[in-house]
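Here is the structure we will look at, set down as structure tokens.
Every number for a ligand or one of its atoms is a count from 1 in the order of the listing.
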Amino acid sequence: METVDVLGAPVACLTLAEAARTVAGFVREGRPRQVITLNPEYLYRAQSEPELMEILHRADLVTADGVGIVWAARRAGNPVPERVAGIDLLLRLAAEAGMHRWRVFLLGAAPGVAEAAGRELAARYPGLTVAGTHHGYFRPEEELAVIAKVRQSRADLLFVALGAPRQEIWAARHLEALNVPVVMGVGGSLDVLAGRVRRAPAWLRRLHLEWLGRLLMDPKRWRRQLVLPKFALLVIRRYR
Ligand code: UDP
């Protein structure tokens, strides 16, 4: 698979459809693999946190989640075809799961959310089986039990919604123990599927302004989004 270097990270040169096909191949092959949809917040932190950068290099697929990454790749002279956002890839994979009768485990978000998201996926994609769910507020001493639950579910796909970068760190650390062919962090996607949070409207997304929509719907995000201008400056300086 062709990757391009964006601020030290190997980002796959794939469309959403191609990324979904690649991940479907991972499911068929069966050995545990990690998929990361990379956003600017993560990549910015990875500049000063070697563990985060290492996780990107060990991952089996890193996609450009967020217009910031797509833009940075273009400035670097290594364009990627389009944004491959976590929730969009999740939905494509859920459709594949429906067609191939794959089992999906949903881990994360507040109690009840993963169950509601699972009902939604099963209703939208007949054939998809929810192999199990667990909320994302377990204590460290509960972690082994959570891992065992996933392992015993015989899931084909595990979607981890603990927020970035925690979900990526967690997935990397437990990849072998989880023993699921595809483990992918999905951030707030379970909240969206469960109907707890609305996605920015499609017209805003088409204008590459999903970040603005998220900010307007959840003003507390401004603190997190402060990193975006810093990320932009770094990209401009690096790729003059
Ligand atoms: N979350 C969790 N456990 C935690 C912290 C967060 O399960 O200890 C969940 C939270 O409920 C939400 C998701 O992780 O469903 C993070 O969503 P957010 O929109 O912050 O993440 P992003 O999409 O920006 O990565």
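- In Ala109, the parts holding a heavy atom less than 4.0 Å from any atom of ligand 1 are both the side chain and the backbone.
- Of the protein's non-hydrogen atoms, the one nearest atom 11 (O) of ligand 1 is Tyr137 OH, 2.9 Å.
- Heavy atoms of Glu41 found under 4.0 angstrom from ligand 1: none, in either backbone or side chain.
- Nearest protein neighbour of atom 20 (O) of ligand 1, counting heavy atoms only, is Arg224 NH1, 3.0 Å.
- At a heavy-atom cutoff of 4.0 Å, ligand 1 is contacted by the side chain of Arg214 but not by its backbone.
- Not a single heavy atom of Leu190 sits under 4.0 Å from any atom of ligand 1.
- For atom 3 (N) of ligand 1, the closest non-hydrogen atom on the protein side is Gly136 O, 2.6 Å.
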- request: Carefully, step by step, assess Arg31 and Phe26 under the rule side-chain contact (heavy atoms from CB on, under 4.5 Å).
  value: CA-CA 7 Å; Arg31 76 168 167 86; Phe26 292 168; over 6 Å; no
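- Around atom 17 (O) of ligand 1, the closest heavy atom drawn from Ala194, Gly86, Ala117, Gly188 belongs to Gly188.
- Counting the atoms of ligand 1 from 1 in the order shown, those under 4.0 Å from a heavy atom of Ala161 are 1 (N), 2 (C), 7 (O), 9 (C), 13 (C), 14 (O).
- Using a 4.0 Å cut-off to heavy atoms of Gly108, the atoms of ligand 1 that qualify are 7 (O).
- By the criterion of a heavy-atom distance under 4.0 Å, the side chain of Arg221, and not its backbone, is placed next to ligand 1.
- Other residues, nucleotides and ligands contribute only 12 or fewer heavy atoms inside 6.0 Å of the CH2 atom of Trp211.
- Protein heavy atom at the shortest distance from atom 13 (C) of ligand 1 is Gly187 O, 3.5 Å.
- Remark: ligand 1 atoms within the under-4.0 Å shell around heavy atoms of Ala164 are 25 (O).
- Considering only non-hydrogen atoms, atom 8 (O) of ligand 1 lies nearest to Arg166 out of Glu168, Gln167, Arg166.
- At a 4.0 Å heavy-atom cut-off, ligand 1 does not touch His135 at all.
- In terms of N/O distances under 3.5 Å, ligand 1 is not approached by Val186.
- Of all non-hydrogen atoms in Tyr44 and Val227, the two that sit nearest each other are CD2-CG2, 3.2 Å.
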task: I would like to know whether Glu96 and Arg21 meet salt bridge (charged side-chain N to carboxylate O under 4.0 Å, His left out); could you show each step before the answer?
output: CA-CA 9 Å; Glu96 292 279 331; Arg21 229 175 293 136; over 6 Å; no
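- Taking atom 12 (C) of ligand 1 as the reference point, the nearest protein heavy-atom neighbour is Asp191 OD2, 3.2 Å.
- Separation of atoms CE (Met53) and OH (Tyr42) is listed at 8.5 Å; rounding is to 0.5 Å.
- The closest side-chain donor-acceptor pair between Glu115 and His135, if any, does not fall under 3.5 angstrom.
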